[in-house]
Amino acid sequence: MNPEPKLSFPSLDGLPAEVRLPAPVDQREYLIGGEIRRWDGPSQEVLSPICRETPAGPVQHVIGSFPLFGEKETLAALDAAVAAYDNGRGAWPTMSVPARIAAMEGFVHRMIDRRAEIVLLLMWEIGKARSDSEKEFDRTVDYIRDTIDALKDLDRASSRFVIEQGIIAQIRRAPLGVVLSAGPFNYPLNETFTTLIPALIMGNTVVFKPPRLGVLLHRPLLEAFRDSFPPGVVNTVYGSGRQTMGPLMASGKINVLAFIGTSPAADALRKQHPQPHRLRCVLGLEAKNPAIILGDADLDLAVRECVMGALSFNGQRCTALKILFVHRPVANEFLDRLCRAVNSLKAGMPWDDGVGVTPLPEPGKPEKLRAMVDDAVRLGGRIVNDGGGASRGTFFLPAVVYPTSPDSRLYREEQFGPVVPVVPFEDIEDPIRYVAESNYGQQLSIFGSDPDAIAHLIDPLVNQVCRLNINSQCQRGPDKFPFTGRKDSAEGTLSVSDALRVFTIRTLVAAKANDINKRIITKTVRDHTSNFLSTDFIL
Ligand code: G3H
């Protein structure tokens, strides 16, 4: 392995204006109680994964800073959300569904105006390739629009009365209260908004903590949040989890924890809530999705899907394929094609055309990946692609490791980076057992061409994971499909429509069908004096 490959970081001179950060983004603003306030406390420097060359080697560019809240400011943001909810009496939770939809439409309109800035910051803050950054933005806009449509459908279905055993009732979904929404660095916009948006549109108020890597890209939206929703409905907090998330949970005033991160962190947060039974958790956690390549698989197709599945955004996806099991008779042929495909990925800057490998944003990540690979090599594995695992600065070239020992860290731990462990198997029971014994249960992929063999695998495996992909990589989308996991991989189900349920509770108004009640209900509906008790049909 070459420890100093020809990986270099370009000079920014001559960089096209549309991918150049005009100046460091020193964020001093935060949103609380409907006001954008100025922060004059301590701040956190933001280092880009993109480096500059210096005589001492690559050094990360400093691209800005953001406020580092302490407990006091964090709890002030919480108080603003609690006040806006006002025990369900606030303007937002009692607002009609069409009015909440109109507010969200106003927000998305304003958001679209900031697309270029947000895409630019996605590239610079987390090193995501330009086309993927654009996709992340556009997918998020589509998600918001689909959420609006899903709410219209839900509201239409609830805009009628039911009569059972002489009782008239109207059944709707009502908000839960104050939601703490905290997303991950790999999809800082999209995944954060897949909880923030449904939580909001259903009438909850929100304390929103952007991921620590991926803060600045939310700044262009602060005014849109302020202007689109009533004061206190969206409040932002920034800083370390210990200083912010801990006190929020310990306050007992958070009703829903929407968190995408690791299971130990989620468990620690949940435990801090003084009345955990009052807390609903919506969690997206670790995964170690396997691919199983059967002896009769179309190897070109399998390689194409495995490379995308394992290495899109450098493997930094919870849905990434993180271990490949290949039937031994085709292992050499598969590895050969896999290595060629992996080595054809172009390493470069996020704005380079056709780039497939970009610098990694997490501090110390190349060293962590190196330690996992070294451990697998010590246990009998080899890096089988030329130059794989070479690193410089924040770059780490994808490494295909074969054979990966069951005793190695790579076999069980989530690498969340550009390392592809491959394991040969003789007996299909081996990968099936792996899935059953795994701590994770998000998805898996099977590659093969015999329908009977695949059918035979479907039934035992669908009870271990929550999505089984046939001849296709693992992925979250389409966003209308349910996205969840078993064991340590998730809690709660997200999809455009499931998310509306997750952030609400079924609530009904019921009355014995006697004359006085019929008169009350008829007059209420006719005069539009309640937003809940209403037969208005959204068109
Ligand atoms: O990191 C987890 C994301 O939800 C994955 O989404 O499969 O669309 O890349 P994706």
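Start at 1 and go down the list; that is how both ligands and their atoms are numbered.
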Query raised in the report: Atoms of ligand 1 less than 4.0 Å from C318 heavy atoms?
Result: 1 (O), 2 (C), 3 (C), 4 (O)
Query raised in the report: Got the closest protein heavy atom to atom 4 (O) of ligand 1, with its distance?
Result: E191 OE2, 2.3 Å
Query raised in the report: Is K346 salt-bridged to D352, going by a charged N under 4.0 Å from an acidic O?
Result: no
Requested in this report: Taking the side chain as every heavy atom from C-beta outward, state whether I50 and W351 have any atom pair closer than 4.5 Å.
Outcome: yes
Report summary line: One finds that the ligand 1 atoms under 4.0 Å from a non-hydrogen atom of Q475 are 7 (O)
Requested in this report: Step through it carefully: locate the ring centre of F229, locate the ring centre of F107, and say whether they are under 6.0 Å apart.
Outcome: yes
Query - Top protein contact for atom 8 (O) of ligand 1, by heavy-atom distance - result: R139 NH1, 2.8 Å
Query raised in the report: Quick one: do D430 and R433 make a salt bridge, cutoff under 4.0 Å?
Result: yes
Report task. Tell me, please: is Q316 in heavy-atom contact with ligand 1, that is, under 4.0 Å? Result -> no
Report summary line: Only one of L269, L248, V179 passes side chain to side chain contact (heavy atoms under 4.5 Å, CB included) with I254, and that residue is L248
**Report entry** K480 atom NZ, over 12 foreign heavy atoms within 6.0 Å
**Finding:** no
Report summary line: re atom 5 (C) of ligand 1, the protein heavy-atom contact at minimum distance is T319 OG1, 3.1 Å
**Report entry** Protein residue, atom and distance nearest to atom 9 (O) of ligand 1, heavy-atom basis
**Finding:** Y187 OH, 2.4 Å
Query raised in the report: What's the shortest distance from atom 6 (O) of ligand 1 to any protein heavy atom, and which residue and atom give it?
Result: R476 CB, 3.4 Å
